[in-house]
Amino acid sequence: MSDALDSLTGLIIPLVGQPLLLPNVAVAELVGYRVGQTAPRGPEWFIGWASWRDQKVPLVDPGLLMGQPPTEGPGTRILILNGVGGRPGLNFIALRIGGIPRSRRVLRRELAATGQAGDFVSQQVQLLDEEQPLLIPDLEAIEQVVTEVLAAQ
């Protein structure tokens, strides 16, 4: 098996509840927390829009979306994700996260599935040297509900 299939460089994304595990390529940039415009209506997890590089990017609290506590506090940041679903007008999504992500090389042999997939979660996994299980988000599903919320705004 090739080295590319045995490992990837990922980011462990801090939330108030369980952290997320994302591949580096999903992330466009980490920025300070500021809301450009709050959402007048919509689900609690849809905060509004972040201003990033002269664009309005939909801002989501992934913890609330996945049934965890809201991510708020002094270390709060915004993580800009590249769109993965090819939806017109949705090139990026902003996530409110609880701090600075940690880069981590993830080796296949150090990774074990520990839980079931769920709404907006592709898999719960455990890395050998991490205390807490990590959630691999279902980015396609997240983009779909964001698209639906944006259509209702």
Side-chain angles (χ1 to χ4, degrees), residues 1-34 43 45-47 49-150:
M1 189 172 285
S2 79
D3 200 34
L5 297 176
D6 286 335
S7 71
L8 67 83
T9 302
L11 290 171
I12 297 175
I13 312 298
L15 300 179
V16 171
Q18 276 183 284
L20 304 179
L21 177 62
L22 290 171
N24 266 1
V25 297
V27 177
E29 191 171 354
L30 176 69
V31 297
Y33 184 69
R34 60 190 177 281
W45 54 262
F46 181 63
I47 300 162
W49 292 266
S51 295
W52 178 69
R53 296 187 181 190
D54 299 325
Q55 299 177 64
K56 279 177 51 174
V57 179
L59 178 59
V60 172
D61 186 315
L64 285 173
L65 183 64
M66 295 176 191
Q68 298 184 44
T71 302
E72 298 176 288
T76 304
R77 304 270 195 283
I78 293 177
L79 191 68
I80 307 292
L81 298 182
N82 295 308
V84 296
R87 290 175 174 79
L90 191 63
N91 298 321
F92 303 98
I93 293 179
L95 300 182
R96 179 169 66 180
I97 64 170
I100 297 174
R102 287 187 293 122
S103 182
R104 166 74 198 271
R105 184 170 179 152
V106 178
L107 302 174
R108 181 181 293 220
R109 68 179 180 271
E110 297 178 341
L111 186 68
T114 59
Q116 299 295 321
D119 292 339
F120 313 110
V121 176
S122 291
Q123 184 70 57
Q124 179 176 304
V125 297
Q126 183 71 52
L127 289 174
L128 279 180
D129 59 350
E130 292 293 325
E131 290 180 28
Q132 222 176 352
L134 307 168
L135 300 175
I136 298 174
D138 183 343
L139 297 178
E140 291 264 358
I142 293 170
E143 282 186 16
Q144 179 60 43
V145 295
V146 169
T147 300
E148 291 167 8
V149 168
L150 293 176

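With rounding to the nearest 0.5 Å, the separation of CG in L21 from CG in L111 is 7.5 Å. In this structure, I142 CD1 and T147 OG1 are separated by 11.5 Å, a value rounded to the nearest 0.5 Å. Considering CG of L134 and CG of L11, their distance stands at 11.5 Å, rounded to 0.5 Å. Note: L64 CG to T71 OG1 = 7.0 Å, rounded to the nearest 0.5 Å.
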Side-chain donor-acceptor distances from residues 75-92 under 3.5 Å, at least two apart:
unit_1	atom_1	unit_2	atom_2	d
T76	OG1	G73	N	2.9
T76	OG1	G73	O	2.7
R77	NH1	G75	O	3.3
N82	ND2	V25	O	3.1
R87	NE	Q144	OE1	3.4
R87	NH1	E143	OE1	3.2
R87	NH2	Q144	OE1	2.9

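The salt bridge (charged side-chain N to carboxylate O under 4.0 Å, His left out) pairs that include a residue from residues 24-33 are E29-R53, where partners are two or more places apart or lie in different chains. Listed by first then second residue, pairs satisfying salt bridge (charged side-chain N to carboxylate O under 4.0 Å, His left out) with a partner in residues 65-76 read E72-R96, not counting sequence neighbours.
W52 has its side chain out of reach of L59: every pair of non-hydrogen atoms, C-beta onward, lies at least 4.5 Å apart. By the 4.5 Å heavy-atom criterion applied to side chains, I97 and L20 are not counted as neighbours. At a threshold of 4.5 Å between non-hydrogen side-chain atoms, the residues Q18 and Q124 count as touching.
The closest donor-acceptor contact from the side chain of R104 to the backbone of R102 lies at 3.5 Å or more, if one exists at all. Judged by distance alone, with hydrogens and angles left aside, the side-chain atoms of Q123 form a donor-acceptor pair with the main-chain N or O of G115 at under 3.5 Å. A donor-acceptor pair under 3.5 Å is absent between the side-chain atoms of D61 and the main chain of P70, judged by distance alone.
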Working for side chain to side chain contact (heavy atoms under 4.5 Å, CB included), residues L135 and Q68: CA-CA 11 Å; L135 300 175; Q68 298 184 44; 3.2 Å; yes
Using the side chain to side chain contact (heavy atoms under 4.5 Å, CB included) rule, take V60 and V146 through it: C-alpha gap first, then chi angles, then the decisive distance, then the call. CA-CA 8 Å; V60 172; V146 169; 3.7 Å; yes
Could you walk me through whether T9 and V106 pass the side chain to side chain contact (heavy atoms under 4.5 Å, CB included) test, one step at a time? CA-CA 6 Å; T9 302; V106 178; over 6 Å; no
Let me see the working for W45 and V149 under side chain to side chain contact (heavy atoms under 4.5 Å, CB included), right down to the final yes or no. CA-CA 10 Å; W45 54 262; V149 168; 3.6 Å; yes
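Checking L95, L22, V121, I13 one by one against P137, the side-chain contact (heavy atoms from CB on, under 4.5 Å) holds for a single residue, L22.
Of all heavy-atom pairs spanning P58 and F46, the tightest one is CB-CE1, 3.9 Å. Taking all atoms of both residues into account, the shortest heavy-atom contact from V57 to A94 is CG1-N, 3.4 Å. Among all heavy-atom pairs drawn from S122 and A117, the shortest one is O-CB, 3.2 Å. Looking at every heavy atom in both residues, P133 comes nearest to P19 through O-CD, 3.7 Å.
Between R105 and D6, no side-chain nitrogen of the basic residue sits less than 4.0 Å from a carboxylate oxygen of the acidic one, so the salt-bridge criterion is not met.
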